[in-house]
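None of these values were measured; they are calculated from a predicted model.
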Amino acid sequence: MTLVKQLFCLAFSIVFLSGCKSLTATAEIPKIEKSSIVITQDLRSETEKKNKIFSLLLTSKAYGTYRRGDKLIEPNPVRILQHRVYEKFMPMGVIPDVKVHHFVVYMNLRDELIRGSLASSFGGVIGAAIAAGTQKYGVDGTMSLTSREEFESFEKEYKRALYTQRENPDKVSVYRVYLEAEINGKRTFVKIMTPTKLPKGDDRNAHLVAIETAIAFFLDHY
């Protein structure tokens, strides 16, 4: 990669992860105030709520991987989860008790940045699909159950953002979301992966789509 490209990628990373107000995605949720009755405990570590660039060094294995903090989404992910739980349970006359143990979003741009094709990643058409893709949740991606043991098995945090060749054969840039929570004592841990660039014509915010996809998949287990 030329020096110019390295500097461009560095500048892009700093701006993209800065969390400034102009980069905050707003979820339009009508009557969200009604869901405040859902008892919700946010038990996450403070680090899960904050932005982090894992490495700006091109030769590092962590290059191009990031943690995406709560400030980039309004309302924050736990508040969105609280409302979606309300929507699911209130028609049954149940006021659920929610405990959130993990809800963290990672972003992996590594392969696109290394190829020096940032423009095609964010301005063109994404690869054909992420393996095992599904449109059930409104976007191609992968969804699966995971465990606290798997989540904690990574000796380096950035590795939670990585994917396998089978999961992402086109090596498109992706969001990886982990969500572990309890609803009325039942505990579930899911992970999902969705592209950072949605198909042409889809104007939704891809970060917000990743969060909503994780929530929808999580709630499918209740």
Side-chain angles (χ1 to χ4, degrees), residues 1-2 5-6 8-10 12-13 16-17 25 52-68 72 102-147 149-180 189-218 220-221:
M1 183 180 287
T2 66
K5 286 183 178 179
Q6 289 188 52
F8 181 79
C9 291
L10 172 60
F12 173 83
S13 296
F16 203 79
L17 272 293
K52 182 177 178 62
I53 301 172
F54 290 110
S55 179
L56 292 173
L57 183 63
L58 183 61
T59 55
S60 169
K61 292 181 180 179
Y63 176 72
T65 60
Y66 316 87
R67 189 195 315 121
R68 302 278 279 160
L72 297 176
H102 294 288
F103 198 173
V104 58
V105 181
Y106 297 100
M107 183 169 63
N108 186 341
L109 310 179
R110 177 179 173 80
D111 287 306
E112 292 289 355
L113 291 177
I114 288 178
R115 287 198 298 264
S117 56
L118 190 65
S120 65
S121 172
F122 286 87
V125 178
I126 64 171
I130 295 175
T134 173
Q135 282 290 323
K136 179 179 179 181
Y137 301 97
V139 65
D140 282 313
T142 65
M143 299 88 190
S144 64
L145 291 171
T146 187
S147 66
E149 291 74 22
E150 179 183 350
F151 183 76
E152 294 176 350
S153 68
F154 300 102
E155 71 275 19
K156 300 290 185 180
E157 186 184 359
Y158 80 88
K159 291 189 175 182
R160 294 174 184 157
L162 304 184
Y163 48 75
T164 65
Q165 176 69 24
R166 182 176 180 181
E167 287 177 310
N168 187 5
D170 293 335
K171 296 184 178 180
V172 299
S173 295
V174 295
Y175 289 110
R176 173 80 84 175
V177 185
Y178 294 84
L179 168 56
E180 181 187 23
F189 203 159
V190 302
K191 65 178 179 180
I192 68 100
M193 185 174 68
T194 58
T196 61
K197 176 65 178 179
L198 300 180
K200 187 175 182 179
D202 190 335
D203 296 327
R204 295 175 298 170
N205 178 275
H207 183 182
L208 182 56
V209 166
I211 288 170
E212 291 278 22
T213 301
I215 293 172
F217 181 62
F218 171 81
D220 263 1
H221 294 84

Residue pair Val172 / Ile130, side-chain heavy-atom distance below 4.5 Å: yes
Test item: Arg67 and Val104 side chains (from C-beta on) under 4.5 Å apart, heavy atoms: yes
Pairwise side-chain contact, Phe103 with Ile215, heavy-atom cut-off 4.5 Å (strictly under): yes
With Lys61 via salt bridge (Lys or Arg N to Asp or Glu O under 4.0 Å) - residues at least two apart: none
Value rounded to 0.5 Å, distance of CD in Glu112 from OG1 in Thr196: 7.5 Å
With Tyr163 via side-chain hydrogen bond (donor to acceptor under 3.5 Å, both in side chains) - residues at least two apart: Asp111
Results of side-chain hydrogen bond (donor to acceptor under 3.5 Å, both in side chains) for Arg110 - residues two or more places apart only: none
Sequence-distant partners of Glu149, salt bridge (Lys or Arg N to Asp or Glu O under 4.0 Å), two or more places apart: none
N-O pairing of Glu167 and Arg176 below 4.0 Å: yes
Contacts of Glu180 that satisfy salt bridge (Lys or Arg N to Asp or Glu O under 4.0 Å) - sequence neighbours left out: Arg148, Arg187
Partners meeting salt bridge (Lys or Arg N to Asp or Glu O under 4.0 Å) with Lys191 (sequence neighbours left out): Glu150
Mutual orientation of the aromatic rings belonging to Tyr137 and Phe217 [parallel < 30°, tilted 30-60°, perpendicular > 60°]: perpendicular
Parallel, tilted or perpendicular: rings of Tyr178 and Phe189 (30°, 60°): perpendicular
